[in-house]
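The structure presented is a predicted model; accordingly, all values stated were derived computationally and were not measured.
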Protein chains: 2
Amino acid sequence: MFSKACEYGIKAIIYIATQSLSGTRVKIGDVANNSGSPEAFTAKILGTLTKHNIVNSHTGPYGGFEISSKQMKQVKMRDIVEAIDGDTIFNGCGLGLNECNHEQPCPMHHKFVKVREEIKTMLTTTTIYDLATEYKSGKTVLMR
Amino acid sequence: MFSKACEYGIKAIIYIATQSLSGTRVKIGDVANNSGSPEAFTAKILGTLTKHNIVNSHTGPYGGFEISSKQMKQVKMRDIVEAIDGDTIFNGCGLGLNECNHEQPCPMHHKFVKVREEIKTMLTTTTIYDLATEYKSGKTVLMR
DNA sequence: TATATTTAAGATATTTTTGTCCAAAATAAA
DNA sequence: TTTATTTTGGACAAAAATATCTTAAATATA
């Protein structure tokens, strides 16, 4: 469904946000250890998300990553997925046709529409804050 | 969503089935040309599907691929997807955790369940025959 | 039986994704 | 200003997915 990069990005963001809720800025090593994602690769992904203003980074001592409460509440999961994986999952044809729409649909088009809408809904109605608070309260896990 | 291999496999099967409806056995080159899939790669994928008894192959002159009406009506899209991509899309965790369930869910688990059920429903309620007849009647396209 | 045709299978090549490593840039604090 | 710390960015490496090529096996027909 999502690329590995996207999975790592989402998990990293949830961990960073959770720490930010307590006012703690976290280093990449800490993020990797607590989100179960490879450090260097995750650093790259966070670089992308930083450029998209989804997370904030600070170099130097006492630096690291953080997410403001405003960001957390505004940024949807969809923004993260789109920043990393692009919009293929939302708009691409299920069978890979370059163009596919109601007028000239691929054989699975009509069935696919429903699934894609479900995915869009799921990702646009969920904010970083939603998942971070649940994670912080221990209802969900990031590693296993 | 699906791998390229799976996309090619589905398109190839729909084309073969459509031709089988007219009693025509088709060669791999014909399949590739009419389904917009790379020939050699598609041949490999059809080899897999042949082993899974989703399609029948015949070597030698007048050989090629065909699908019986019985097969067409019995085989679900889910069978094709599972034969090629495995069951990760149906049972795997959306964030890549090795285990993830209602008791110890990843942060996206509950939201994901709905999407996965939608995908399962879509693929288990659709047979090859369904898509082949629609394609044959010109309602859908395989290339663009 | 000989020949032509077609899929099957194995080796190999290419591209993309995933992942690591290291030096440079930024920065906080002594 | 110097030093230690941290992200950033680029080069590089490994693995997986995608794709091709070539030969072998099967088979229909003359």
Subject >> Integer-rounded Å distance: D/dA17 P and B/Ile84 CD1 >> reply: 14 Å

Original post:
Starting at CZ of A/Phe41 and ending at C1' of D/dA14, how long is that distance when rounded to a whole Å?
Top reply: 12 Å

**OP:** Could you check how far CD of B/Glu7 sits from C1' of D/dA17, rounded to whole Å?
**Re:** 13 Å

Original post:
Got a sec? Which of residues 19-40 of chain A come in under 4.0 Å of DNA chain C, heavy atoms?
Top reply: A/Pro38, A/Ala40

Subject >> Along DNA chain D (nearest heavy atom to each residue), the more 5'-positioned of B/Tyr62 and B/Thr42 >> reply: B/Thr42

**OP:** Would you mind checking if A/Glu7 and A/Lys4 are paired as a salt bridge, meaning a charged N to carboxylate O distance below 4.0 Å?
**Re:** yes

Original post:
Are the side chain of A/Arg144 and the backbone N or O of B/Asn98 linked by a donor-acceptor pair below 3.5 Å?
Top reply: no

**OP:** Whole angstrom is fine here: how far is it from CD1 in B/Ile45 over to P in C/dA8?
**Re:** 13 Å

Subject >> Check: B/Thr126 side chain, B/Leu123 main-chain N or O, donor-acceptor pair, under 3.5 Å >> reply: no

Subject >> Nearest-nucleotide comparison on DNA chain D, the residue closer to the 5′ end among A/Lys44 and A/Thr59 >> reply: A/Thr59

Original post:
Within the side chain of A/Arg25, is there an N or O that forms a donor-acceptor pair under 3.5 Å with the backbone of A/Tyr62?
Top reply: yes

**OP:** Ignoring hydrogens and angles, state whether a donor on the side chain of A/Glu66 or A/His58 is under 3.5 Å from an acceptor on the partner side chain.
**Re:** yes

**OP:** Tell me whether the OP1 or OP2 atom of C/dA9 has a side-chain N or O from B/Lys51 closer than 4.0 Å.
**Re:** yes

**OP:** Indicate whether OP1 or OP2 belonging to D/dT8 is found under 4.0 Å from a side-chain N or O atom of A/Ser57.
**Re:** yes

Original post:
In terms of heavy-atom contacts, does OH of B/Tyr129 have more than 12 from other residues, nucleotides or ligands at under 6.0 Å?
Top reply: no

Original post:
Nearest nucleotide by nearest heavy atom, which residue falls closer to the 5' end of DNA chain C, A/Tyr8 or B/Phe65?
Top reply: B/Phe65

**OP:** Write down the distance between CD1 (B/Ile67) and P (C/dT7), rounded to a whole number of angstrom.
**Re:** 14 Å

